[in-house]
Amino acid sequence: MKRSNALQTLIFLALFLALPGWADNKPTVTIHRQMAGELDETGWALAKSTDGRFSVKTPGKFSDLSSVDNNSTSPIAEVHTIAASNVQGIKFTATRIKFKGGREVAVKQFNRLKVSSGKLKYKSLKPMKLNEYEAMEGELENDRLALVQRTVLLDDDLLTLIVEYPKAQDAVAKRLVPIFFSSVTFD
C-alpha cells in the first residue's frame, strides 16, 4: 500500500465519522509496516496492530499505521489502522479510534453513524452485539461503489471494520466480508 493510500484511509475514516477539522490538523502519521504478513494456506494473513490492541485477518499483505493528533481542538487522540486491498480493487480497513473525551465522545460519534452523509447512502443499517459490546453494521452505496461497515463501541473508543469495493465486485466482496468481520479480536 502506498503511503498516500494509508493517509487517505485515515482521512476517509475521520471524514466519515464527521469529525470537523480533523484532516486539517495534520496529525502525525507513523507507518509501522507495509506489505506485511505471512499468508496462510487460504491466502489470508493475521494482522496485529502495533499499538491499537486489535488484530484481524486480511486477504493478502497489509499495512499497519497509527496517527496521533496533538491539536487541542480535535476530539481524536489516536487512530490505529490495518489496511489491505486485493487485485479486484476491494479495500479492507480495521481502525480503532481513541477519543480525548473518553466514553462520552465515543458514544456521540457512534450515534452519528446512524445518519449517512456525503456521497454514499445507507442501503441498510442494523444494530447488533459483538460479545458484550454494542455494534452497528451498515451497507452504503452509490452508483459505482459499495461499502460494508461494522462499528463496535468499546469502552471509550470505536473499532470500525470497512470493506469498500467497486459494485462490479459485489459477489467477491460478499464472500470476503464475513471472514474479515468475524476474524477481529480486541482487548
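Residues take their numbers from the sequence shown, with the count starting at 1. These figures come from a predicted structure and were not determined experimentally.
Residues passing the side chain to side chain donor-acceptor pair (under 3.5 Å) test with K98 are D156, sequence neighbours excluded. Residues meeting the side chain to side chain donor-acceptor pair (under 3.5 Å) test with T42, sequence neighbours left out: D40. The side chain to side chain contact (heavy atoms under 4.5 Å, CB included) test applied to R53 returns R96, D187, not counting sequence neighbours. For L46, the side chain to side chain contact (heavy atoms under 4.5 Å, CB included) partners at least two apart in sequence or on another chain are K48, S55, K57.
A 4.5 Å side-chain heavy-atom check between L161 and T93 finds every atom pair outside the cut-off. Between R33 and F62, the closest side-chain pair of non-hydrogen atoms falls below 4.5 Å. Side-chain atoms of F99 and V107, non-hydrogen and from C-beta on, never get closer than 4.5 Å to each other. Under the 4.5 Å side-chain criterion, counting only non-hydrogen atoms from C-beta, V163 is not in contact with L176.
For residues 144-182, the set of pairs meeting the ring-ring contact (aromatic ring centres under 6.0 Å, His included) definition, not counting sequence neighbours, comprises F92-F180.
Here NZ of K91 is found 15.5 Å from OG1 of T58. Values are rounded to the nearest 0.5 Å. Here the CG atom belonging to D51 is positioned 4.5 Å from the NE2 atom belonging to H32, to the nearest 0.5 angstrom. Note that the CG atom of L153 and the CG atom of L158 stand 6.0 Å from one another [nearest 0.5 Å]. Taking OG1 of T73 as the start and CD1 of I76 as the end, the distance is 11.0 Å to the nearest 0.5 Å. Interatomic distance, K123 NZ to N142 CG, rounded to the nearest 0.5 Å: 12.0 Å.
Taking all atoms of both residues into account, the shortest heavy-atom contact from N86 to P59 is CB-O, 4.4 Å.
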Below 3.5 Å, can you tabulate the donor-acceptor pairs from side chains in residues 129-140 to any protein atom, sequence neighbours excluded?
from, atom 1, to, atom 2, distance (Å)
E137, OE1, R150, NE, 2.9
E137, OE1, R150, NH2, 2.6
E139, OE1, K174, NZ, 2.8

